[in-house]
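Worksheet: one structure, shown below.
Convention: sequence-line order gives letters A, B, ...; per-chain numbering from 1.
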Number of protein chains: 2
Amino acid sequence: MGVHAGTEPLHRATAILGKKWHPLLLYTLLTEGPLGFNDMKSRVDGISDKVLSEALDDLQEAGLVVRDVVDDKPVRVNYSLTPAGRDLEPIIEGLLEWSREHLTESR
Amino acid sequence: MGVHAGTEPLHRATAILGKKWHPLLLYTLLTEGPLGFNDMKSRVDGISDKVLSEALDDLQEAGLVVRDVVDDKPVRVNYSLTPAGRDLEPIIEGLLEWSREHLTESR
DNA sequence: CAGTATCCAAATAGATACTG
DNA sequence: CAGTATCTATTTGGATACTG
């Protein structure tokens with residue numbers, strides 16, 4: 001009974017990638033990073049300060065993103081990917097391709 | 001302003017794969033399917049009837065899973081993957097591998 | 001520029017009981 | 001066997017205003 005052994009990694013992965021904005025934030029950093037807070041915000045349509053801030057914290061805690069304070073006065077911060085974050089590239093690209101192929105909007 | 005063009009497919013993909021149980025259900029069908037309702041339930045630890053039922057509906061509507069009534073008296077149903085669902089295999093496998101490599105439980 | 005503080009709404013998940 | 005019906009709890013996401 002119960003789940004077979006290899007299932008927890010999938011749970012851990014979807015606990016991160018299942019958040020509404022996380023894949024898009026990672027993809028944004030992948031293709032356009034490193035970026036500052038407001039640069040991220042302007043590239044991700046519809047996200048609020050609070051949600052972006054929380055999401056970046058979350059990704060940082062998961063070890064996928066690093067936050068560097070590069071200057072103060074005014075404060076300047078750079079968000080970029082860790083190696084773990086960069087290793088998601090083929091997966092996100094694959095997902096993107098799969099989606100284009102199989103997920104049409106009119107379903 | 002706004003997100004760059006290629007972003008909607010990612011949204012559509014995560015609208016499905018971002019649900020708590022969906023990737024695990026797909027993976028279960030991928031590795032052990034086709035399966036009946038209770039067979040699914042016994043393989044997915046902790047899921048309730050209601051949540052499983054809703055999730056399968058959702059996956060069906062997204063075109064990733066098919067439901068076949070193979071017998072009645074007693075009713076017997078088989079859930080299996082569509083080609084679109086099967087095409088997720090490399091992605092889910094990749095995610096699994098990535099997770100094992102980078103996501104340790106103690107973070 | 002880069003956030004935090006509040007307060008609120010919506011979406012998801014779960015427990016329990018029951019049905020064709 | 002394969003679900004549905006309720007009702008509740010929890011988790012996320014969002015709007016608005018304010019701060020170092």
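Between H22(B) atom NE2 and dA11(C) atom C1' the separation is 13 Å, expressed in whole Å. Separating the NZ atom of K19(B) from the P atom of dG14(C) is a distance of 13 Å, rounded to the nearest angstrom. dC1(C) atom C1' lies 15 Å from atom CE of M40(A), rounded to whole Å. Look at CG on L52(B): it is 13 Å from C1' on dG14(C), rounded to the nearest Å. Counting to the nearest Å, the P atom of dG3(C) and the CG atom of D68(A) are 12 Å from each other. Look at CD1 on I47(A): it is 8 Å from P on dG14(D), rounded to the nearest Å. Between L56(A) atom CG and dG3(C) atom P the separation is 8 Å, expressed in whole Å. Taking atom CG of N78(A) as the reference point, atom P of dA2(C) lies 8 Å away to the nearest angstrom.
A salt bridge does not link D87(A) with R100(B): every distance from a Lys NZ or Arg NE/NH1/NH2 to an Asp or Glu carboxylate oxygen is 4.0 Å or more.
Residue K20(A) places its side chain closer to dG13(D) than to any other of dA2(D), dT4(D), dG13(D).
For dC1(D), neither phosphate oxygen OP1 nor OP2 lies less than 4.0 angstrom from any side-chain nitrogen or oxygen of K73(B). Phosphate contact (OP1/OP2 of dC7(C), side-chain N/O of K50(A), threshold under 4.0 Å): absent. Residue W21(A) places at least one side-chain N or O closer than 4.0 Å to OP1 or OP2 of dG14(D). In terms of phosphate contacts, Y79(B) brings a side-chain nitrogen or oxygen within less than 4.0 Å of OP1 or OP2 of dG3(D).
Applying the Watson-Crick and G-U wobble criteria (two distances, each under 3.5 Å), dG20(C) pairs with dC1(D). Across every strand in view, dT6(D) sits in a pair with dA15(C) that passes the Watson-Crick or G-U test at under 3.5 angstrom.
In terms of position along DNA chain D, the nucleotide closest to S53(B) lies nearer the 5' end than the nucleotide closest to the other residue of the pair E54(A) and S53(B). With the nearest nucleotide of DNA chain C identified for both D39(A) and V51(B), D39(A) has the one nearer the 5' end. Nearest-nucleotide assignment on DNA chain D puts the 5′-proximal partner with A15(A), out of V75(A) and A15(A).
Counting heavy atoms from C-beta outward, V65(A) and L25(A) have side chains that stay 4.5 Å or more apart. Contact annotation: the side chain of D71(A) never approaches that of K73(A) to less than 4.5 Å [non-hydrogen atoms, C-beta and beyond].
Ring geometry for Y79(B) against F37(B) counts as tilted: the plane angle lies between 30° and 60°, on a 0 to 90° scale.
When heavy atoms are screened at a 4.0 angstrom cut-off, K41(A) is found touching no nucleic acid atom at all.
In plain terms, the two heavy atoms of L81(B) and R86(B) that are nearest each other are O-NH2, 3.3 Å.
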